[in-house]
There are 2 protein chains.
Amino acid sequence: MSTIGKALSLLDSASRLDKEAGLTDIARLCGLDKATARRFLVELEKHGFVEQDPETRKYRIGSAPVRLARIREARYPFLRVAVPFIKALAEASTETVHLSEFSGRRLSTIHVEDSRRAHRVNVEVGTLLPLHATASGLAYLAFCPPDEIDAALSRPLERITEYTIVEPAMVRGLLDETVARGFSINHQGIEAGVVSTAAPIRAPGGHPIGCVAIAAPIVRADQAEVMKFGAQVAAAARAITEKYYGSEKPMGTSTQIRRTG
Amino acid sequence: MSTIGKALSLLDSASRLDKEAGLTDIARLCGLDKATARRFLVELEKHGFVEQDPETRKYRIGSAPVRLARIREARYPFLRVAVPFIKALAEASTETVHLSEFSGRRLSTIHVEDSRRAHRVNVEVGTLLPLHATASGLAYLAFCPPDEIDAALSRPLERITEYTIVEPAMVRGLLDETVARGFSINHQGIEAGVVSTAAPIRAPGGHPIGCVAIAAPIVRADQAEVMKFGAQVAAAARAITEKYYGSEKPMGTSTQIRRTG
DNA sequence: GCATATGGTTCAATAGTTGAACCAGTGCTT
DNA sequence: AAGCACTGGTTCAACTATTGAACCATATGC
């Protein structure tokens, strides 16, 4: 891997920590030498991507990403466009709704509207979503080109709960169902007692950029309710796509992506 | 310069462009070879820091910075803390108020509340603020340690308007006045007909992290008014500092980094 | 059809990166 | 107070990743 890649991986790893970390911890976490980690951190600091607390000497994410994010959001206001729809969906479904975005080879949560109910599913912003074990991941993958699906399923799939589906062939079955339905269903694959549905937001080329998902406690998610949630997420994803990419809809909704059986 | 530094500079340069750019343009802008620029872009793309439009082949800022920014903001909600004060100040002063943050060796605008008046000063989010020719820059520099001031004034200072002060000795004079007053005054140094005042928000160590500034048309900025703006800006900066660092900054009493033993 | 753009690729020469071993400081134990 | 076990930070010869001129393929304009 290139130096740049390693440095950005370090940044990525450091960002996943719950709190600020010291040099030794960061180096250990990334499997890098202390000297190397430090050189990266110094270089990242020069450009504002990390900053070091002068007192504790610990490192944290800097403000350069904030500046870049602002510029991107100003030009590509995905969140600004999507959030009203997420809010409306949370209102309509009375369940927790979240929005994810594919970035840096990972699908991560970028916005959450919590259900107002006392018994609800809680999702944290920033959470990474495994592609095989979440509704969002399945919805994303289902509309990816075959080589990306192959790549995603070629690695060993983690069994997160006793319900997690880890056999590639079975996951492919779920993807086919997802394409046929227009939304995915994840039955307790990421957390016991939680059922989710999700639908992708797709760029004009057809490739998904992220997903809308509803997560509900299993006691409130019978067959009929899940289908209702599915229809709602699919509608929300369509609405966001339309607003985000203008009048132009995803091209070749049925012909663009060919999946192998 | 290290490879990482060059790649981050490329990202920085690309972010300053008004629109998406092609490979050749980016390479030229950064003074890099086309092959090198491309390798950087590919690497940055792998990690989501840039993305390439599949149709136009042009590059734009990716979504990884958005994720990092979210994490930083969640942990260090500078903007969230500061914006209400900026809004209140805009209301009270009836002039355009903006907030800047020092990042990656530059001071850049991160929030603006425009005046409601027809005749007003317009400031864009993302604008970089020269340290010698803006109220924010002077307020920032004035409270920096001497070596940083020396470094900033050792480079040639750009004459932006006919009023811009470019003699290091005179700039030092302004800095001294700023420290004495608690806020800076910039008289048409960045744009003719505009007078600004600014005050720094300072970290517990004393180092400024950014500034609050009011910018007004010169016709509404007589001596008395400017002093009033200055007092307001200083008060806002103090209030933000207190809120930001106030209750919960101190040394981590409860949580320690876990170490493997 | 030629000229001149563009994005993208190659590979030998080279320049930047690496990491074990080092120093210095801090806080805990004895 | 000496010893220990951490910490962050630095050094420099060995080495490996980076560099960029020249290359290809394609697209647009005259």
Side-chain angles (χ1 to χ4, degrees), chain A residues 1-14 17-47 49-62 147 203-205 207, chain B residues 1-14 17-47 49-62 147 203-205 207 250-261:
Chain A
M1 191 195 282
S2 76
T3 313
I4 299 165
K6 281 180 244 172
L8 295 179
S9 291
L10 179 148
L11 189 59
D12 190 58
S13 303
L17 258 36
D18 291 338
K19 46 192 163 23
E20 303 174 22
L23 172 61
T24 309
D25 287 308
I26 292 174
R28 195 161 31 220
L29 180 69
C30 306
L32 291 169
D33 186 87
K34 216 161 42 113
T36 304
R38 177 144 210 286
R39 284 194 329 109
F40 287 175
L41 286 166
V42 167
E43 211 60 38
L44 289 167
E45 187 177 31
K46 274 189 197 163
H47 294 263
F49 283 82
V50 302
E51 54 190 40
Q52 186 180 32
D53 191 301
E55 287 176 30
T56 65
R57 318 238 91 184
K58 289 187 187 305
Y59 297 89
R60 71 174 91 97
I61 298 169
D147 60 324
H207 198 282
Chain B
M1 191 195 282
S2 76
T3 313
I4 298 164
K6 282 180 243 171
L8 296 179
S9 292
L10 180 149
L11 188 59
D12 190 58
S13 302
L17 259 37
D18 291 337
K19 45 174 176 50
E20 302 174 23
L23 173 61
T24 309
D25 286 316
I26 292 174
R28 199 169 18 228
L29 179 70
C30 306
L32 291 169
D33 187 86
K34 215 160 43 116
T36 304
R38 177 145 209 288
R39 285 193 329 109
F40 287 175
L41 286 166
V42 167
E43 211 61 37
L44 288 166
E45 187 176 32
K46 273 189 197 162
H47 293 264
F49 283 82
V50 302
E51 54 191 39
Q52 186 180 30
D53 191 300
E55 287 177 30
T56 66
R57 318 239 90 183
K58 288 187 187 305
Y59 297 88
R60 72 174 89 98
I61 298 169
D147 60 325
H207 198 280
M251 321 256 295
T253 45
S254 57
T255 53
Q256 280 289 330
I257 301 271
R258 224 181 339 183
R259 307 211 165 85
T260 53

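Residue numbers start from 1 in every chain, and the chains themselves are labelled A, B, ... in the order their sequence lines are given, proteins ahead of strands. Small disclaimer: the values here were computed from a predicted structure and weren't measured.
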| said: Less than 4.0 angstrom between a side-chain N/O of A/Thr3 and OP1 or OP2 of C/dG16, yes or no? | reply: no
| query | Any side-chain N or O of B/Arg28 less than 4.0 Å from the OP1 or OP2 oxygen of C/dT6? | reply | yes
Between [atom2] of [N] and [atom1] of [X], the distance in whole Å:
{"X": "A/Gln52", "N": "D/dT7", "atom1": "CD", "atom2": "P", "answer": "15 Å"}
{"X": "A/Ile4", "N": "D/dA17", "atom1": "CD1", "atom2": "P", "answer": "14 Å"}
{"X": "B/Asp25", "N": "C/dG7", "atom1": "CG", "atom2": "C1'", "answer": "12 Å"}
{"X": "A/Leu23", "N": "D/dC6", "atom1": "CG", "atom2": "P", "answer": "16 Å"}
{"X": "A/Leu32", "N": "C/dG19", "atom1": "CG", "atom2": "C1'", "answer": "11 Å"}
{"X": "A/Asp33", "N": "D/dC15", "atom1": "CG", "atom2": "C1'", "answer": "15 Å"}
{"X": "A/Tyr59", "N": "D/dG8", "atom1": "OH", "atom2": "P", "answer": "8 Å"}
{"X": "B/Ile26", "N": "C/dG7", "atom1": "CD1", "atom2": "C1'", "answer": "12 Å"}

| message | Over all strands shown, is A/Lys6 touching base, sugar-phosphate only, or nothing at heavy-atom distances under 4.0 angstrom? | response | sugar-phosphate
Out of curiosity, [X] [atom1] to [Y] [atom2], how far, rounded to the nearest 0.5 Å?
{"X": "A/Leu23", "Y": "A/Arg28", "atom1": "CG", "atom2": "CZ", "value": "10.5 Å"}
{"X": "A/Ile4", "Y": "B/Lys46", "atom1": "CD1", "atom2": "NZ", "value": "10.0 Å"}
{"X": "A/Tyr59", "Y": "A/Leu44", "atom1": "OH", "atom2": "CG", "value": "10.5 Å"}

| message | Main chain of A/Arg57, side chain of A/Gln52: is a donor-acceptor contact present, judged purely on distance under 3.5 Å? | response | yes
| query | Hey, can you pull the residues of residues 34-45 of chain B with a non-hydrogen atom under 4.0 angstrom from DNA chain C? | reply | B/Lys34, B/Ala35, B/Arg38
Less than 4.5 Å apart, side chain to side chain, heavy atoms only: is that true for [X] and [Y]?
{"X": "A/Leu10", "Y": "A/Lys6", "result": "no"}
{"X": "A/Asp12", "Y": "B/His47", "result": "no"}
{"X": "B/Asp25", "Y": "B/Leu17", "result": "no"}
{"X": "A/Leu11", "Y": "B/Phe49", "result": "yes"}

| note | Rounded to 10°, the angle between the first-five-pair and last-five-pair axes of the helix from C/dT9-D/dA22 to C/dT30-D/dA1 is 40°
| Minimum heavy-atom distance between B/Leu8 and A/Glu43, given as atom pair plus value | CD1-O, 4.2 Å
